[in-house]
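Counting starts at 1 for both ligands and their atoms, following the listed order. Model, not experiment: these values are computed from the prediction.
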Amino acid sequence: MFNIVVIASGNGSNFQAVIDAIDSGLINARIIKLISDNERANALNRARSSGIETVIINGKDSNFYPILNDILLSINPDLIVLDGFMKIMPDYIVNEFLYKMINIHPSLLPAFGGRGFYGIKVHRSVIRSGARFSGCTIHFVTSDVDNGPIIEQRVVEVNDDDDEYTLSEKIHEEEHRALVSSIALLISGRYRISGKRVLRLY
Ligand code: GAR
């Protein structure tokens with residue numbers, strides 16, 4: 001079985017999309033733990049409703065990363081999904097799980113990415129920039145923040161009457177689809193990483 005760990009700081013709608021895809025048989029995997037740095041994260045409620053084990057590590061604990069690393073090493077999952085994880089993963093954890101950790105980013109990277117670009121701030125910057133298109137990116141996590149090999153992107157049009165909230169809503173819908181299909185690709189093993197490209201193998 002393909003074992004997944006999800007790390008989430010907030011609502012966890014992407015986490016829910018993976019739960020639903022597993023339940024409906026769309027992907028053949030198991031989520032073995034939901035880890036959160038925020039005891040009030042709604043993702044924790046979603047996990048509890050689905051019988052998925054939860055772990056809360058206080059995000060302000062100076063040992064946050066060593067504790068997280070120990071947990072991940074003890075599980076040794078096939079895949080770690082960062083869902084709205086609002087911290088920067090340190091290099092030693094990234095390198096320990098290189099190409100086994102993916103992130104969802106709410107823009108078409110490399111635009112509107114990097115330190116300081118997260119959540120609603122990204123959508124606000126997109127609207128202000130005048131860009132007519134935005135979207136989402138699913139990518140492998142590397143030590144270069146938001147710059148790892150891109151697995152999948154989906155495009156959303158920015159309309160005149162969009163604000164950061166309506167744009168966020170539209171992009172969330174695409175994120176859910178992109179995340180599930182990216183995980184399906186990773187489970188299938190039908191890809192090859194070449195530099196920053198994730199090439200499909202047929
Ligand atoms: C998603 O839009 C994701 O792209 C973003 O947080 C949201 C989490 O939504 N991630 C980042 O900004 C990371 N830099 P969710 O909790 O409803 O799944």
Checking D37 against S9: is there a side-chain donor and acceptor pair closer than 3.5 Å? yes

Less than 4.0 angstrom from a charged side-chain N to a carboxylate O is my criterion; do D163 and R124 meet it? no

Using a strict threshold of under 4.0 Å (side-chain N to carboxylate O), is an ion pair present between R154 and E152? yes

Please answer whether the main-chain N or O of R190 pairs with a side-chain N or O of S188 as donor and acceptor at a distance below 3.5 Å. yes

Considering the heavy atoms of N11, write down every atom of ligand 1 situated less than 4.0 Å from one of them. 16 (O), 17 (O)

Backbone, side chain, both or neither: what part of N14 comes under 4.0 angstrom of ligand 1, heavy atoms only? both

In terms of its nearest heavy atom to atom 13 (C) of ligand 1, the top option of V81, I104, D83 is I104

If we number the atoms of ligand 1 from 1 as shown, the ones under 4.0 Å from a heavy atom of F117 are 14 (N)

Using distance alone, with no hydrogens and no angle criterion, decide if D144 and N147 have a side-chain donor and acceptor under 3.5 Å apart. yes

Any N or O of H172 closer than 3.5 Å to N or O of ligand 1: yes

Does G119 have a non-hydrogen atom less than 4.0 Å from ligand 1? yes

Can you report which non-hydrogen protein atom sits closest to atom 16 (O) of ligand 1, along with the distance? G12 N, 2.7 Å

Geometric class of the F85/F64 ring pair [parallel <30°, tilted 30-60°, perpendicular >60°]: parallel

Here's a test for you: under side-chain contact (heavy atoms from CB on, under 4.5 Å), which of L79, T142, I80, V81 qualifies with M101? I80

Measure the distance from atom 11 (C) of ligand 1 to every protein heavy atom, then report the residue, atom name and distance (to 0.1 Å) of the closest one. P106 CD, 3.7 Å

How far is atom 6 (O) of ligand 1 from its nearest protein heavy atom, and which residue and atom is that? G84 CA, 3.5 Å

Side-chain donor-acceptor pair under 3.5 Å between R46 and N11, yes or no? yes

Check H105 against ligand 1 and report side chain, backbone, both or neither, counting heavy atoms closer than 4.0 Å. both

To the nearest 0.1 Å, how far is atom 4 (O) of ligand 1 from its closest protein heavy atom, and which atom is that? E175 OE2, 2.5 Å

Is there a heavy atom of M86 sitting under 4.0 angstrom from any atom of ligand 1? yes

Looking only at protein heavy atoms, what sits closest to atom 17 (O) of ligand 1 is S13 OG, 2.6 Å

Answer yes if the side chains of H123 and S125 hold a donor-acceptor pair under 3.5 Å, and no otherwise. no

Does V122 reach ligand 1, in the sense of a heavy atom lying below 4.0 Å from it? no

